[in-house]
Amino acid sequence: MATAVGPTVFKNFINGEWVESSSGLAFEDRNPANSRELIGMFPRSTAEDVDAAVRAAADAFESWRLVPAPKRAEILYRAAETLVKRKDDLARDMTREMGKVLAEARGDVQEAIDMTYYMAGEGRRLFGQTTPSELPSKFAMSVRQPLGVCALITPWNFPMAIPSWKIMPALVCGNTVVIKPAEDTPLSTYALIQILVEAGLPRGVVNVVNGGGPEVGAPLVSHPKVAAVSFTGSSEVGRLVSQSCAPKLRPCHLEMGGKNILIVLEDANLDLAIDGAIWGGFGTTGQRCTAASRVAVHKKVYKDFLYRFVERAKTLRVGDGLDPTADMGPCINEEQLNKVMEYVGIGKNEGAKLMTGGRRLTEGVWGNGWFHEPTIFGDCDPRMRIAQEEIFGPVVAVMPIEGFDEAIEVANGVRYGLSASIYTQDVNRALEAMRDLHTGIVYVNAPTIGAEIHLPFGGTKETGNGHREAGNAALDFYSEWKTLYIDYSNRLQRAQIDS
Ligand code: NAD
């Protein structure tokens with residue numbers, strides 16, 4: 001609720017200063033559990049602001065790239081320590097702006113902590129190769145070089161984790177950064193940047209420009225001084241970003257949508273599979289790119305699984321994420337809630353069986369928020385739209401399957417390829433699934449969500465464009481190899497010619 005002193009007004013961060021947008025306009029950041037609560041006003045920025053931020057980052061790059069990586073890393077260590085100290089407050093603020101329950105918001109901040117420590121550790125690694133030359137008295141090696149200004153565009157569902165996945169590897173490799181956070185969750189990025197600045201990041205190394213996708217994101221990814229772009233969001237916008245980078249041959253990393261499957265074979269531990277389906281389907285209100293929005297169950301255990309899955313879903317308590325009794329928070333905004341309701345209608349029209357849920361919640365504490373019931377459709381055909389398209393809400397499509405081969409075919413029969421999971425006690429089946437599921441991530445006897453920061457993260461097909469986030473793989477995007485030959489023979493030596 002706005003108070004008598006007015007809402008908190010936040011600014012962009014450009015060239016080491018907190019500054020207003022050149023437009024003088026602002027947009028609202030509101031609590032999705034209670035849209036009457038105004039969290040703050042953020043600048044509605046313009047291409048002019050983007051230009052100032054990119055120029056500042058380009059200037060800063062010339063000195064930041066020369067700071068030894070272990071020294072760059074010391075700043076990240078200090079930032080990680082502050083994140084640890086402020087974890088609870090950061091998580092509460094995140095729940096207020098994003099809606100996820102507090103335990104999950106704490107997990108989101110923890111992911112940023114883990115990534116910051118991990119990438120700080122890279123400051124003393126960033127290993128290259130040394131290898132013998134084929135010629136005498138010649139030395140050969142490769143080193144990682146920074147790219148320049150990295151433009152980062154992030155979504156709202158992991159408002160601190162995802163920015164940290166991009167900012168930390170970019171910085172430790174010696175790049176400078178301009179980030180545009182999602183309009184629904186600018187506060188968490190603001191807090192992360194504030195902490196990096198307090199930790200001693202020099203002027204211009206990190207810049208934040210708030211605002212809309214077309215108004216800020218588009219001029220940012222196409223700015224002539226940007227060296228590389230990393231985007232996480234929908235496949236539709238990812239395609240636009242890719243098209244904008246293509247004519248400039250600009251490296252572009254895309255992490256996009258998912259339609260992830262959880263497979264339950266006839267020999268699965270059903271209790272475990274149901275725990276996984278509940279957490280995978282309704283954790284973060286189904287608003288995870290890795291959410292288990294499809295479940296394929298062997299016909300021998302189908303009825304039993306579906307009954308128990310539905311009974312468990314009915315016990316989930318929907319509420320404000322700050323309420324410790326809530327299991328599931330609201331959808332992020334009215335538009336996303338409407339999309340969920342539209343898909344519930346589509347599912348019904350397609351002939352799927354609505355087993356539980358299917359309604360917006362508007363009574364009592366839900367009155368001012370974007371709440372929806374956990375919803376399960378049974379007897380779905382894999383070709384139905386609810387089993388093919390990303391809904392990004394608390395809706396799960398359950399499909400009966402004849403056996404393992406059909407499970408793999410159904411799993412691979414979508415345009416996305418982020419995460420898949422299989423529940424089975426049969427080690428051969430598990431290994432076959434690990435081989436044949438065409439996704440970037442496969443889980444055995446665990447749900448489709450739960451990535452750890454030191455392993456590669458990303459997907460195949462329309463989920464990604466071949467790059468990976470997190471772990472060592474992130475370094476491959478935020479640096480490029482330079483190969484160095486030093487000939488100390490004092491004579492001309494010709495590779496492949498002189499023997
Ligand atoms: P979105 O594509 O609508 O927006 C993502 C970001 O792109 C936002 O910051 C937005 O302002 C910006 N944007 C919009 N139009 C733009 C343009 N023309 N040019 C440049 N930037 C533009 O996605 P969203 O609704 O914020 O997030 C949900 C989507 O993100 C889902 O599809 C989800 O699967 C995906 N996601 C993927 C991953 C992953 O790692 N694969 C992780 C989280 C979310």
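Heads up: numbering here begins at 1 and tracks the sequence. Counting convention: from 1, in listed order, for ligands and their atoms alike.
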Nearest heavy atom to atom 22 (C) of ligand 1: which of G211, A151, G213 does it belong to?
G213

Which bit of T232 is near ligand 1, meaning a heavy atom under 4.0 Å away: side chain, backbone, both or neither?
both

With the threshold set at under 4.0 angstrom, would you say G459 reaches ligand 1 through any of its heavy atoms?
no

W279 six-ring centre to R288 NZ/CZ under 6.0 Å and within 45° of normal:
yes

Identity and separation of the nearest protein heavy atom to atom 18 (N) of ligand 1
L240 CD1, 3.9 Å

Sub-4.0 Å heavy-atom approach of F231 to ligand 1:
yes

For I153, the ligand 1 atoms whose distance to one of its heavy atoms is below 4.0 Å:
6 (C), 7 (O), 9 (O), 12 (C), 21 (N)

Counting from 1 in the order shown, the ligand 1 atoms closer than 4.0 Å to a non-hydrogen atom of A182 are 9 (O)

For ligand 1, which is the ligand I care about here, please tell me if W165 has any N or O atom under 3.5 Å from one of the ligand's N or O atoms.
no

With distance as the sole criterion, is a donor-acceptor pair present between the side chains of D49 and S21 under 3.5 Å?
yes

Going by heavy atoms, is T154 under 4.0 Å from ligand 1?
yes

For atom 36 (N) of ligand 1, the closest protein heavy atom turns out to be C289 CB, 3.6 Å

I'd like a table of donor-acceptor pairs (distance under 3.5 Å, sequence neighbours excluded) in which one partner is a side-chain atom from residues 182-195, with atom names and distances.
residue	atom	partner	partner atom	Å
D184	OD2	N333	ND2	3.1
S188	OG	E97	OE2	2.9

Looking only at side-chain N and O atoms, does N465 offer a donor or acceptor that is under 3.5 Å from a partner on H253?
no

Can you tell me if K461 and T439 form a side-chain donor-acceptor pair at under 3.5 Å?
no

Measure the OH-NZ distance between Y478 and K166 for me, rounded to the nearest 0.5 Å.
5.0 Å

Just by distance, no angles: are the side chains of T46 and S23 close enough, under 3.5 Å, to form a donor-acceptor pair?
no

Atom pairs and distances, side-chain donor-acceptor, residues 447-454, under 3.5 Å, sequence neighbours left out:
residue	atom	partner	partner atom	Å
T448	OG1	T290	O	2.6
T448	OG1	A292	N	3.2

Any heavy atom of E469 under 4.0 Å from ligand 1? The part involved is neither

Are D184 and ligand 1 in contact, using a heavy-atom cut-off of under 4.0 Å?
no

Using 30° and 60° as the class limits, which term best fits the ring planes of F13 and W18: parallel, tilted or perpendicular?
tilted

Tell me: protein heavy atom nearest atom 27 (O) of ligand 1, and distance?
P155 CB, 3.5 Å

